[in-house]
Amino acid sequence: DISKRLKLVILHDDEAAKLTLEAKKSSQEFYSLSGDAIIGPYPKVKDHVLPHSDDILKHRKLLNPEYIPFMNLTMIVEGGKERILSLRSIVEQRCPSLLLAVNFIKKKKEKKGGISGPMTIEYKDGTLMNLFILTQIMEWCYTGTLDFKSLSICDVMVIMKAAKALDIPHLEFICDQYIHSELTVDSSFIIIKQAKLLEMNNIK
């Protein structure tokens, strides 16, 4: 009888957590540099509407398509394949470097209407500016934080590198704080390897 061969194994919380971490380590994918661009296992774009209206991240829903008619800032990435729309006034106040980063901007077009008029910015292909990075920056613009539960440590390190390159101190700070909060003997190996691949010498 096969049932006699089955064994029931009850794991304590710490044992289960250890096995879970080992599984994550064995399947961990890393980001790497390719010229000025970062390549790697970017998460798929997710739905930004959260179920609880009182959640701290509720304003992430401004990234959703239904708000496009109200937006006057278009940001284009990945060679014109992807774009995110936002409110120019929010970006100017929360993250003006997105509008002024000459090392990353390919071209900028501003229609009549003064400082409140429509603006289109296309970022250079082959840089660290892509849909994932821009989405995370906009989430931070709208909420002041990130949905860390949905991100891996390596994802956060990529965002942190972009924040430093784009001179967004608070975004860089909260990423750094999160990485420190997740620091363990086991996760340190992942952090060190990813820091080396992304040439983040300040972390190493």
Side-chain angles (χ1 to χ4, degrees), residues 29-50 57-111 113 116-168 170-172 174-175 194 197-198 200:
E29 295 183 79
F30 293 89
Y31 293 89
S32 60
L33 293 175
S34 177
D36 294 327
I38 299 175
I39 58 175
Y42 288 105
K44 294 180 180 179
V45 176
K46 57 185 179 296
D47 185 1
H48 298 281
V49 174
L50 297 183
L57 296 173
K58 64 181 180 180
H59 295 301
R60 291 164 63 215
K61 63 185 179 182
L62 288 171
L63 290 167
N64 280 355
E66 60 264 31
Y67 293 95
I68 287 178
F70 307 101
M71 305 301 182
N72 60 356
L73 174 63
T74 302
M75 293 170 284
I76 303 171
V77 292
E78 300 183 16
K81 296 178 182 178
E82 303 288 351
R83 60 185 61 207
I84 287 182
L85 284 88
S86 181
L87 291 168
R88 181 175 171 181
S89 57
I90 291 179
V91 175
E92 286 177 337
Q93 292 297 318
R94 296 285 291 148
C95 191
S97 57
L98 279 180
L99 310 180
L100 303 171
V102 293
N103 291 334
F104 299 96
I105 294 175
K106 180 179 180 180
K107 57 183 177 181
K108 179 163 54 174
K109 184 168 64 174
E110 190 172 3
K111 293 184 180 179
S116 62
M119 176 185 286
T120 300
I121 295 180
E122 182 174 353
Y123 295 96
K124 296 176 183 177
D125 201 13
T127 68
L128 54 76
M129 287 297 290
N130 56 39
L131 183 61
F132 172 74
I133 294 296
L134 189 54
T135 299
Q136 298 303 315
I137 292 174
M138 294 313 303
E139 284 195 13
W140 170 80
C141 282
Y142 294 144
T143 68
T145 186
L146 295 176
D147 184 14
F148 288 109
K149 292 181 179 179
S150 70
L151 300 169
S152 70
I153 288 179
C154 294
D155 295 336
V156 176
M157 292 178 70
V158 169
I159 299 168
M160 182 176 172
K161 183 176 178 68
K164 184 176 181 63
L166 288 163
D167 190 25
I168 313 176
H170 183 257
L171 180 56
E172 184 183 0
I174 64 173
C175 288
Q194 186 61 89
L197 289 170
L198 293 180
M200 298 174 72

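None of the values given here were measured: they were computed from a predicted structure.
- Shortest non-hydrogen contact noted between M71 and S86 is CB-O, 3.2 Å.
- In this structure, the side chain of R94 engages the main chain of W140 through a donor-acceptor pair within 3.5 Å.
- The shortest non-hydrogen separation linking M129 to L166 is SD-CD1, 3.7 Å.
- Here the closest non-hydrogen pair linking G144 and H170 is O-CE1, 3.4 Å.
- Taken to the nearest 0.5 Å, the CD1 atom of I76 stands 11.5 Å off from the CD1 atom of I84.
- To the nearest 0.5 Å, atoms CG (N72) and OG1 (T120) are separated by 10.0 Å.
- Interatomic distance, R60 CZ to Q136 CD, rounded to the nearest 0.5 Å: 8.0 Å.
- Two residues are said to be in side-chain contact when any heavy atoms from C-beta on lie closer than 4.5 Å; L85 and Y67 fail this criterion.
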Exercise. Take L171 and L146 through the side chain to side chain contact (heavy atoms under 4.5 Å, CB included) test and state the conclusion after the steps.
Key: CA-CA 9 Å; L171 180 56; L146 295 176; 3.9 Å; yes
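- Remark: L100 CG to I121 CD1 distance equals 8.0 Å, nearest 0.5 Å.
- Judged as a side-chain hydrogen bond (donor to acceptor under 3.5 Å, both in side chains), the pairs with a partner in residues 153-168 (not counting sequence neighbours) are, in order, Y31-D155, S152-D155.
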Self-check item: Residues L131, Y42; criterion side chain to side chain contact (heavy atoms under 4.5 Å, CB included); working and verdict
Solution: CA-CA 9 Å; L131 183 61; Y42 288 105; over 6 Å; no
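- In this structure, L99 and I105 approach most closely via the heavy-atom pair O-CD1, 3.6 Å.
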Quiz item: Does the side chain to side chain contact (heavy atoms under 4.5 Å, CB included) test come out yes or no for I153 and Q194, once each step is laid out?
Solution: CA-CA 9 Å; I153 288 179; Q194 186 61 89; over 6 Å; no
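- Between I168 and C95, the shortest heavy-atom distance links the atoms CD1-SG, 3.4 Å.
- Annotation: side chain of L198 is in contact with side chain of L33 (closest heavy-atom distance under 4.5 Å).
- Side-chain atoms of N130 come within 3.5 Å of backbone N or O of F132 as a donor-acceptor pair.
- Counting only heavy atoms from C-beta outward, the side chains of F70 and L62 never approach each other to under 4.5 Å.
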Self-check item: I159/L151 under side chain to side chain contact (heavy atoms under 4.5 Å, CB included): CA gap, chis, key distance, verdict
Solution: CA-CA 10 Å; I159 299 168; L151 300 169; 3.9 Å; yes
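- Judged by distance alone, the side chain of R88 and the main-chain N or O of G117 form a donor-acceptor pair under 3.5 Å.
- Formation of a donor-acceptor pair under 3.5 Å by the Y123 side chain with backbone atoms of L98 is found in this model.
- Atom NZ of K106 sits in a sparse spot, with 12 or fewer heavy atoms from other residues, nucleotides or ligands closer than 6.0 Å.
- In this structure, M119 CE and M75 CE are separated by 11.0 Å, a value rounded to the nearest 0.5 Å.
- Between the CG atom in L87 and the SG atom in C141 there is a gap of 11.0 Å [rounded to 0.5 Å].
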